[in-house]
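Single-structure report; data block below.
Since this is a predicted model, take the numbers as computed values, not measurements.
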Amino acid sequence: MKPTFIKYGKPLVTCMVQAKTPLDVKILIRNALYDGADAIGFQIEELPKECRDDDTLRAIFDEARGRPVYVTNYRSANNKGDSDDTLCEGLLQMLRNGATLIDVMADCFCPDPLQITYDTEAVKKQKAFIDKIHSLGGEVLMSTHTGKFLPPEEVLAIARAQAERGADIIKIVITSNSEDEELSCLATTELLRRELDRPFLFLAAGTNCSLLRQIGPYLGSSMWLTVQRHDELSTKYQPLCRSIRAIADNFVI
């Protein structure tokens, strides 16, 4: 049975992997599993395009040893200048070679500063793409990275838009640069838990986001996003996998 991100009774410790060679990707995955990762997140943007053939991708996904794999193909790094159609083809290629959860940007086909589009034609194409992923047995996470703080009601509106487009998991990342904003983020998490009918991942970046990233899954988020190590490519706001493993194993509620 294919691994999944949407049928677990508890939040998953997911370790995000970014590296410039297939070997380094595999090493990070192996070490993440040693550190207790439940799932792997592979961000392909840093991997050179000549290393993205089917055989290489299958070998990378095989390193997950049966754990579910979440993949992104954002517009950054080696993908700069590529069309969204090209990025979507890359996502389908990863799905066909073993990926589980496909990250579809919520402004796909119509880029927007808040990474959420309401353009009618773009939304229609997003829905068709999500249907294609589902037809191939994949799961869909739709992502919005706002680059700014948003109050709970505005986050909920984005979440509902993502749900209406067919996302299995909703992902929204805002910015939190004060204690008040982080407290609002905690309240937002509770609001999403009450109002949504599907799993979600609500995160923040900024100077005040560590509490949300550590306890968010105990308030309703479906997973932790972690890193195996902090280096020049890893997302600095993501905590270490082994640290979150200790929290996940010992947090009592």
Who are the salt bridge (Lys or Arg N to Asp or Glu O under 4.0 Å) partners of [X], not counting sequence neighbours?
| X | value |
| --- | --- |
| K20 | E46 |
| K26 | none |
| D103 | none |

Quick one: side-chain hydrogen bond (donor to acceptor under 3.5 Å, both in side chains) partners of [X], sequence neighbours excluded?
| X | result |
| --- | --- |
| N97 | D54, R58 |
| R229 | D231 |
| H230 | none |
| D53 | T56 |

Which pairs with one or both residues in residues 154-166 pass side-chain hydrogen bond (donor to acceptor under 3.5 Å, both in side chains), sequence neighbours excluded? Q126-R165, K127-E164, T144-Q162, R160-E195
Return each pair, listed once, that meets side-chain hydrogen bond (donor to acceptor under 3.5 Å, both in side chains) where at least one residue sits in residues 196-207; pairs must be two or more places apart or across chains. N177-T207
Tell me if a side-chain donor or acceptor on W224 pairs with a main-chain N or O of Q214 at a distance below 3.5 Å. yes
Run the side chain to side chain donor-acceptor pair (under 3.5 Å) test on T100 and E139 for me, step by step, so that the C-alpha distance in whole Å, both residues' side-chain angles and the decisive distance to 0.1 Å come before the verdict. CA-CA 6 Å; T100 306; E139 299 168 356; over 6 Å; no
To the nearest 0.5 angstrom, please state how far the SG atom of C15 sits from the CZ atom of R67. 12.0 Å
Let me confirm one number: the CD1-CD distance from I244 to Q238, rounded to the nearest 0.5 Å. 10.5 Å
Distance-only criterion, 3.5 Å: show the donor-acceptor pairs between side-chain atoms of residues 182-190 and protein atoms not counting sequence neighbours.
residue	atom	partner	partner atom	Å
E182	OE2	S210	N	3.4
E182	OE2	L211	N	2.9
E182	OE2	L212	N	3.1
T188	OG1	S184	O	2.9
T189	OG1	C185	O	2.9
E190	OE1	R193	NE	2.9
E190	OE1	R193	NH2	3.4
E190	OE2	R193	NH2	2.7

Between the side chains of D84 and R75, is the shortest nitrogen-to-carboxylate-oxygen separation below 4.0 Å, so that they form an ion pair? yes
Indicate yes or no: does R65 engage E63 in a salt bridge with an N to O separation below 4.0 Å. yes
Give me the atom names and distance for the closest heavy-atom approach of K148 to L114. CD-CD2, 3.4 Å
Closest non-hydrogen atoms of A159 and I170, given as atom of the first, atom of the second and distance, are O-CD1, 3.3 Å
More than 12 heavy atoms of other residues, nucleotides or ligands under 6.0 Å from OH of Y34: yes or no? no
Exceeds 12 heavy-atom contacts within 6.0 angstrom, atom NZ of K49: yes
Check whether V123 and I102 end up in the same hydrophobic cluster, where Ile, Leu, Val, Met, Phe, Trp and Tyr are linked by side-chain heavy atoms less than 4.5 Å apart. no
Show which residues join I27 in its hydrophobic cluster (side-chain heavy-atom contacts under 4.5 Å, direct or indirect), or state none. L23
Got a sec, which hydrophobics cluster with L201, joining ILVMFWY side chains under 4.5 Å apart, including via others? F5, I6, Y8, L12, M16, Y70, Y74, L87, L101, M105, L141, I169, V173, L203, M223, L225
For E45, which of N79, N73, N78, T72 qualifies under side chain to side chain donor-acceptor pair (under 3.5 Å)? T72
